[in-house]
Every structure is written in C-alpha cells, then in structure tokens.
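In the text below, chain A, chain B and the rest are named by the order of the sequence lines, each starting its count at 1.
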Amino acid sequence: MTASSRPVRVRIAPSPTGDPHVGTAYIALFNYVFAKQQGGKFILRIEDTDQSRARADSEQMIFDALRWVGLSWDEGPDVGGPFGPYRQSERKAIYAAHAQQLIDRGKAYRCFCTGERLAAVRAAKLAAKDSFLGYDRHCRAVERAESDARAAAGEAHVVRLIVPDGQVVVRDRLRGEVTFDLAQIDDQVLLKSDGMPTYHLANVVDDHLMEITHVIRAEEWISSTPKHVLLYQAFGWDEPAWHHMPLLRNNDKSKISKRKNPVSINYYRDAGILPHALLNFLGLMGWSFGDDREKFTLPEMVEAFTWDRISLGGPVFALDKLTWLNEKYIHELSNDELADALIAWRLRKDYLAQLVPLVRQRIKRLDDFVPATTYFFAGDLDYADVAAELGIPEVAPADVAKGLLGYVDRIEAREGWDHAGLEAEARAWCEALGWKAKHAFMLLRLVVTGRKASPPLFETMAVLGKELTRRRLRQAAELIGKRA
RNA sequence: GGCCCCAUAGUCUAGCGGUCUAGGACGUCGCCCUCUCACGGCGAAAACAAGGGUUCAAGUCCCUUUGGGGUCACCA
C-alpha cells in the first residue's frame with residue numbers, strides 16, 4: 001500500500017525547549033484540520049532528543065497551550081495510543097537498532113572524528129572558499145571490521161548516512177517537484193555520540209513506525225527533506241506526502257522570532273486574546289476560505305479546507321487584524337459568557353489572591369484596590385506620563401535600550417519564574433553594566449508598572465508573569481531606542 | 001557565499017489568459033449615526049517588483065534580473 005492510500009495519520013512534533021510557540025499552533029492547526037477532514041488521526045509526538053536544550057516544564061506547557069487553543073490529539077504522550085511511546089527520549093533503543101540496520105546494509109557508517117577535527121576541516125574549507133562546507137567523509141574509509149572493533153572498545157563515535165551521488169526529487173504537494181543535487185548534502189549525522197538520534201533519523205523512523213501518511217510542516221524543513229527521502233530509500237520504506245507550509249514572519253519578513261514578536265501562545269492568552277480568535281487568525285495565515293469569509297470556526301475550516309487555497313508567500317504575523325478578530329469574538333459572546341471569560345482570564349480568585357499580599361499595606365479602603373492594581377490587568381502600558389524618567393542617568397538611550405534587552409535575555413534563559421531568581425538576575429545584570437541598582441531597579445519598575453511607586457518590584461514581576469513582563473521590557477526598549 | 005523557496009496596496013488575501021478601468025478584509029483618513037466613547041453604516045487614499053518573451057489577448061504561462069526568506073550543527 002502506498003502512503004497516500006492508507007488511512008490519514010498526521011502529526012505535530014514540537015520540541016520541548018521553551019515556551020509554547022505560535023508556529024507550533026499554526027502547523028498543528030493545518031495538521032488537525034486536514035486529519036479531521038479526512039477522517040484521520042492527529043498525533044502529538046514530543047521531539048526531546050536534545051538533552052541539553054530540553055526544559056522540564058516545556059512539555060506540559062505545550063499540551064496546555066494546544067488544548068487552550070482548541071486543538072486536541074488522538075494519540076500522544078499524555079493520552080497514549082497504539083504506536084507509543086510518543087516521546088522520543090523513550091524510544092532510544094528503536095533508533096539505535098535502526099541505525100545499526102543502516103550500517104549493516106551499507107547505507108551508513110560510524111564516524112570517529114573528533115569535534116576538533118570537524119572544526120578544522122570546516123575552517124580549511126572556509127579558508128579555501130569551498131562552497132560545500134560539509135563533512136569530508138573521512139571515516140567512510142574505515143573498514144567495517146575496524147569500525148566494529150573500535151566501537152566495541154568503547155571509542156566515541158556518531159553514525160552518519162552515506163549520501164550517494166546524484167539527485168533527489170522531493171515531491172511537495174504545495175510546491176511541485178523540487179530537485180536537490182546530492183553533492184550539496186552532507187553525510188548527515190543520524191546517531192549522536194550520546195546514543196540519541198538526530199532529528200533526521202528519529203523523525204523518519206517515527207513517522208514510518210507511527211504510519212504517518214502526510215508530513216505537514218514548516219518551510220524551514222524543505223532543505224532537509226532530501227535527507228529524509230534518502231533515509232526512506234535506505235530503509236526501503238514508502239515516503240509520506242510532503243507539505244511545506246509557509247513560515248510565519250515578523251514585520252520585516254524574517255522568520256517569526258521572539259526578539260521581534262510575542263511568540264509564546266501564553267502571551268496571547270495573558271494579553272486577553274480568545275482562543276478561537278487566535279485559531280481563526282492562524283487559519284488566515286497562508287490560507288483563505290474561498291468566499292470572502294474571514295471569520296470562521298474550526299469545523300467550518302475543516303469542511304472548507306483544500307491545499308489548493310494555500311498561498312506560499314510568508315504571511316506577516318501582524319497583531320492588528322488579530323485584535324480586530326478578537327473584538328468580533330468578544331462582541332459575539334453573551335454578557336454571561338463574557339463575564340465568565342473575564343473571570344477565567346484574570347479575575348480569578350487565585351490571581352487576586354496573589355495581588356492581595358502585594359497591595360494590602362498600600363490601600364486604605366477596598367475601593368483603592370482597583371486603581372492600585374491596574375497594571376496587573378493591562379497588556380501594553382502607556383509610558384507617556386513617565387517618559388521623562390525612563391532612563392538611566394548618564395547613559396545614552398540607545399544603551400539603556402540595549403541594557404533592557406540584556407535583562408530580557410537573562411530572564412528568558414532561566415528555567416523558572418520566581419522573584420528571588422528575577423532579583424538575583426537583576427543584580428548580576430546591573431553590576432555587569434555598571435549601573436547603580438537604585439537606578440536600574442527604578443527603570444525596571446517604570447517599565448513593568450508604568451509607575452514610580454509599586455509593590456516590591458520582583459514580586460510584582462513574578463505575579464505579572466513572564467509573558468507580560470517580557471513584552472513590556474521589549475516595548476519599552478523599543479520606545480527608548482527610538483529616542484536615541 | 002552554495003543550494004532551495006517565494007513575489008498583487010503598510011498588512012492578510014481573491015485572482016488559476018479575455019468578465020481586472022484588479023475584488024474583500026485589517027490598518028489609516030473623512031463623513032453619518034449619537035449625550036460622550038465605542039459599535040455600526042457610508043466613502044476615500046493605497047498594489048499586480050523590473051525587463052524580455054509566448055499569445056489575437058498576460059496580474060494570470062516561460063526566461064532573466066531584482067527583492068525577500070529559508071537552509072547549510074553530534075538543534076530541532
């Protein structure tokens with residue numbers, strides 16, 4: 001049976017390395033819609049083969065965020081299914097066995113080169129202005145017996161794919177036939193020296209074993225697709241049908257990134273975007289309904305979906321239209337539903353309970369509470385009233401802006417979001433910059449709260465949450481940067 | 001830089017050779033509605049990147065150029 005005649009099975013395969021990304025929701029949407037329309041299955045698989053980048057809380061945030069927007073999966077790490085496990089770190093033995101199979105078939109080989117040698121080869125090629133910077137295939141020459149012996153002796157190695165000469169044609173449903181010259185392609189590492197597979201191996205093995213029929217992923221993957229095709233061929237398996245969706249973009253058309261856009265699904269949630277509005281908006285990115293409809297539900301999209309209506313120009317993820325759609329969705333709610341939505345958003349007791357200890361000493365009457373806590377409920381702040389104070393004495397605005405972004409980088413690199421950590425980071429940060437804590441903290445306070453007086457700064461940030469805090473810091477940095 | 005993808009207004013898009021003096025939406029601006037502000041209604045400005053072909057006919061097909069993007073890791 002060819003891949004296209006089997007029951008439809010698609011997957012979203014996020015890597016748990018940080019915040020749940022809008023790009024993940026975007027690609028998940030198209031996978032989901034296609035699966036539902038075809039009466040197929042939508043699978044969630046966690047690609048956690050990079051032990052150094054995996055974050056403990058990230059996987060759960062991905063589950064929560066995807067469910068929040070309204071996309072649920074038929075099989076996955078948390079719901080199980082007949083093709084598990086669905087977490088790649090739990091499938092290590094499977095990949096090792098498949099890598100071995102490739103070695104035995106003469107399709108792959110062990111490479112004992114050190115990182116230093118690889119770097120030296122690369123540097124030499126760079127110096128010689130060689131257009132191909134890949135591995136020089138040095139270890140292809142190692143005899144099988146020697147290779148086995150060295151591996152048995154415990155010598156560190158990776159397993160590489162033998163990329164043959166010739167060309168590979170990728171048949172992409174959205175782009176037609178795309179031809180790649182294999183001379184451009186590196187002998188790809190399949191198994192890392194820690195025994196974990198790379199994306200390429202794990203992805204192909206899992207997609208095959210999980211009987212994935214249609215690979216729907218972002219365009220950034222298209223140039224590694226020939227490697228995947230080669231792997232299917234090496235194993236003697238049928239390829240899935242390839243679909244490379246356009247990439248979501250920043251305003252400047254570059255691939256969407258957290259430096260230039262709020263990219264975490266949690267940001268949109270915290271900023272008061274309704275999940276259906278977000279999903280609807282994502283459906284407008286690269287796809288159109290067919291009539292002039294722009295507001296539609298998930299089931300409507302499932303019914304109307306066709307690949308023929310995908311447009312390949314990378315859509316700029318611009319918030320204006322999302323906000324407009326969100327407004328439409330809000331107006332459509334009944335008073336009761338809207339009240340519930342507000343409660344679910346931030347007017348929850350558990351959220352208020354976090355605010356109370358911060359402001360209780362600062363209010364004289366209950367009616368002081370709301371005016372005292374507005375910035376805990378706002379999205380973006382208006383700095384007009386404090387603009388004059390937004391800075392550091394003796395420091396140029398451009399440097400203040402840069403400094404602020406430096407703090408963002410620090411807090412993003414941290415795993416948790418607690419006030420002690422935020423404070424420790426802030427102290428290290430202003431010391432590194434040579435800024436007085438007194439000045440630096442006032443700057444942060446103004447940015448985060450829009451006021452000169454507030455509850456303890458880092459506790460405020462802790463309660464406000466990562467997304468809103470980070471957004472305000474970036475917005476303020478941009479504002480200050482413009483003055484330079 | 002090599003390879004690959006893409007190209008209609010500021011943005012999201014419709015357009016799959018003639019019905020395009022290029023349609024819709026967001027945003028912007030104006031007017032109306034109105035006790036205010038929104039909502040809503042009406043209207044305006046705003047685009048086929050350039051140059052070659054093919055064709056009776058090109059936004060639509062082909063080529064080149066330009067522009068943008070992605071990718072070239074023991075990250076995914």
**Study point:** B/rG40 and B/rC26, which share atom name P, separated by this distance in whole Å
**Key:** 9 Å
Got a list of protein N/O to nucleotides 61-68 of chain B N/O distances below 3.5 Å?
none

Practice item. Pick the C1' atom in B/rA73 and in B/rU13, then give their distance to the nearest Å. Key: 37 Å
Study note, to complete from the structure: A/Ile185 atom CD1 is separated from B/rG2 atom C1', nearest whole Å, by 12 Å
Review point. Which of parallel (below 30°), tilted (30 to 60°) and perpendicular (above 60°) describes A/Phe281 and A/Phe317?
Key: perpendicular
Review point. Name the one of A/Phe42, A/Trp307, A/Phe34 that satisfies ring-ring contact (aromatic ring centres under 6.0 Å, His included) with A/His214?
Key: A/Phe34
Practice item. Mind calculating the distance between CZ (A/Phe281) and C1' (B/rU13) to the nearest angstrom? Key: 12 Å
Review point. P atom, B/rA14 versus B/rA9: distance in rounded Å?
Key: 13 Å
Point to revise | A/Asp207/A/Arg45 salt bridge by N-O under 4.0 Å criterion | key: yes
Exercise for review: Ignoring hydrogens and angles, state whether a donor on the side chain of A/Trp345 or A/Asp270 is under 3.5 Å from an acceptor on the partner side chain.
Suggested key: no
Point to revise | B/rG1 pairs with, by Watson-Crick or G-U criteria that keep both distances under 3.5 Å | key: B/rC72
Point to revise | Close side-chain approach of A/Pro20 and A/Phe63, heavy atoms under 4.5 Å | key: no
Point to revise | Same-atom distance (C1') from B/rU11 to B/rA45, integer angstrom | key: 16 Å
Point to revise | C1' spacing across the pair B/rG43 / B/rC48, given as an integer number of angstrom | key: 24 Å
Exercise for review: Figure out the CG/C1' separation between A/Asn261 and B/rU11, and round it to whole Å.
Suggested key: 13 Å
Point to revise | 5'-most by nearest nucleotide on RNA chain B - A/Val178 or A/Gly314 | key: A/Val178
Point to revise | B/rC62 and B/rG17, which share atom name P, separated by this distance in whole Å | key: 12 Å
Exercise for review: Please check if any side-chain donor atom of A/Ser254 sits under 3.5 Å from a side-chain acceptor atom of A/Asp252, or the reverse.
Suggested key: yes
Revision key, fill the gap. The Watson-Crick or G-U wobble partner of B/rU19, with both key distances under 3.5 Å, is none
Review point. Mind checking who B/rG67 pairs with, Watson-Crick or G-U wobble, both distances under 3.5 Å?
Key: B/rC6
Revision key, fill the gap. By the Watson-Crick or G-U definition, both distances under 3.5 Å, B/rG40 is matched with B/rC32
Review point. Taking atom types as modelled, is there a side-chain donor on A/Asp187 or A/Tyr109 under 3.5 Å from an acceptor on the other?
Key: yes
**Study point:** Whole-Å gap separating C1' (B/rG2) and CG (A/Leu182)
**Key:** 15 Å
Practice item. Pick base, sugar-phosphate or nothing for A/Met196, based on heavy-atom distances below 4.0 Å to the nucleic acid. Key: nothing
**Study point:** B/S/- contact track for nucleotides 71-76 of chain B, protein heavy atom under 4.0 Å
**Key:** S-SBBB
Check your understanding: Just by distance, with hydrogens left out, do A/Ser147 and A/Arg110 show a side-chain donor and acceptor under 3.5 Å apart?
Key -> yes
Exercise for review: For nucleotides B/rA7 and B/rA47, find the distance between their C1' atoms and express it as a whole number of Å.
Suggested key: 12 Å
Review point. CD1 of A/Ile310 versus P of B/rG15: gap in Å, rounded?
Key: 12 Å
Review point. Between A/Tyr268 and A/Pro262, is there a donor-acceptor pair closer than 3.5 Å when you use the side chain of the first and the backbone of the second?
Key: yes
**Study point:** C1' atoms of B/rU60 and B/rG15, separation to the nearest Å
**Key:** 8 Å
Exercise for review: Please determine if A/Lys328 and A/Glu332 form a salt bridge, counting it only when a charged side-chain N lies under 4.0 Å from a carboxylate O.
Suggested key: no
Exercise for review: Starting from P on B/rC5, measure out to NE2 on A/His243 and report it in whole angstrom.
Suggested key: 17 Å
Review point. Partner of B/rA57 by Watson-Crick or G-U wobble geometry, both contacts under 3.5 Å, or none?
Key: none
Review point. What is the distance from CG of A/Leu247 to P of B/rC5, rounded to the nearest Å?
Key: 15 Å
**Study point:** Base versus backbone protein contacts along nucleotides 20-29 of chain B [heavy-atom cut-off under 4.0 Å; B, S, -]
**Key:** ----BBSS--
Check your understanding: So, A/Asp19 and A/Arg55, do they make that salt bridge, N to O below 4.0 Å?
Key -> no
**Study point:** Test: A/Arg150 cationic atom under 6.0 Å from A/Phe112 six-membered ring centre, within 45° of axis
**Key:** yes
Check your understanding: Does any nucleotide pair with B/rA25 by Watson-Crick or G-U wobble geometry, both distances under 3.5 Å, and what is it?
Key -> B/rU11
Check your understanding: Over how many whole Å does the gap from A/Leu333 atom CG to B/rC39 atom C1' extend?
Key -> 15 Å
Check your understanding: So, A/Arg471 side chain and A/Tyr267 main chain: donor-acceptor pair closer than 3.5 Å or not?
Key -> no
